[in-house]
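Here's the structure we're looking at; comments come further down.
Note that the structure is predicted; figures quoted are calculated from it, not measured.
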Amino acid sequence: MRLRRCSQTLAFMRLSMRVYHEACEAPGYYAGGIRAKWWRGEFFSYTIWEDREAMTAFVHSAPHAEAAAVVAEFAAPGSCYAEFISDAPPDWDDARRRLSTPTAYFTPPLRGDLRNR
């Protein structure tokens, strides 16, 4: 995800860490990580779940739902996410490639914006 403004960096980092810690405590959580280029306002995260039901339960839980409600305040045009099932270990390069065809956008890309492709 890209941030709209640099001034949002610390608030978004706090939000991300809070949700990440909540995910780590959730039933069915397997692994996860956060990677950031905070000086560019770019944040990437992943979570791995034992099954889709556990992931869906967390996505609909209060910590995630509350965070999702404020993401629109932070998300720059083109910010997106990708859901996928894989038998391979997590790989940042594969995850970034999958973001070129996102599952959904937090905010639509600007016309002609090729950064997510």
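Rounded to the nearest 0.5 angstrom, Leu10 CG and Leu15 CG are separated by 12.5 Å. Taking CZ of Arg18 as the reference point, atom CD of Glu22 lies at 7.0 Å (rounded to 0.5 Å). How far CZ of Arg14 is from OG1 of Thr9: 10.5 Å, rounded to the nearest 0.5 Å. If you take CE on Met55 and CD1 on Ile48, they are separated by 13.0 Å, rounding to the nearest 0.5 Å.
Because its NZ or CZ atom is both nearer than 6.0 Å to the ring centre of Phe44 and within 45° of the ring axis, Arg96 counts as a cation-pi partner of that residue.
Under the 4.5 Å side-chain contact rule for hydrophobic residues, Trp39 and Met17 share a cluster. Side-chain heavy atoms closer than 4.5 Å link hydrophobic residues (I, L, V, M, F, W, Y) into clusters, and following such links, even through other members, never connects Tyr105 to Leu3. In the hydrophobic clustering of this structure, Tyr46 does not group with Val59; members are Ile, Leu, Val, Met, Phe, Trp, Tyr whose side-chain heavy atoms approach within less than 4.5 Å, directly or through other members. Linking Ile, Leu, Val, Met, Phe, Trp and Tyr whenever their side-chain heavy atoms come within less than 4.5 Å puts Phe12 and Ile34 in one cluster.
Within 6.0 Å of CH2 in Trp38 there are 12 or fewer heavy atoms belonging to other residues, nucleotides or ligands.
Within the structure, the side chain to side chain donor-acceptor pair (under 3.5 Å) test picks out no pair touching residues 53-68 (sequence neighbours left out). Evaluation of the salt bridge (charged side-chain N to carboxylate O under 4.0 Å, His left out) test over residues 77-94, restricted to residues two or more places apart or in two chains, returns Arg52-Glu83, Asp94-Arg97, Asp94-Arg98.
Checked by atom type and distance alone, the side chain of Gln8 pairs as donor or acceptor with a backbone atom of Glu73 at under 3.5 Å. A donor-acceptor pair under 3.5 Å is absent between the side-chain atoms of Arg2 and the main chain of Ser79, judged by distance alone.
For the pair Pro27 and Ala54, the tightest heavy-atom approach, listed with the atom from each and the gap, is O-CB, 3.7 Å. In terms of heavy-atom proximity, Phe74 sits nearest to Met1 at CB-CE, 3.6 Å. Among all heavy-atom pairs drawn from Pro77 and Thr107, the shortest one is CA-OG1, 3.3 Å. When all heavy atoms are compared, the tightest approach of Pro102 to Cys80 is CB-CB, 3.6 Å.
The aromatic rings of Tyr81 and Phe106 sit tilted relative to each other, their planes meeting at an angle between 30° and 60°.
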(request) Before giving the answer on side chain to side chain contact (heavy atoms under 4.5 Å, CB included), spell out for Cys24 and Tyr20 the whole-Å C-alpha distance, their side-chain angles and the decisive distance to 0.1 Å. (result) CA-CA 6 Å; Cys24 291; Tyr20 178 71; 3.8 Å; yes
(message) side chain to side chain contact (heavy atoms under 4.5 Å, CB included) for Phe58 and Tyr29? Distances and angles first, verdict last.
(response) CA-CA 9 Å; Phe58 179 71; Tyr29 173 84; over 6 Å; no
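Between Met13 and Phe43, some side-chain heavy-atom pair lies under the 4.5 Å cut-off.
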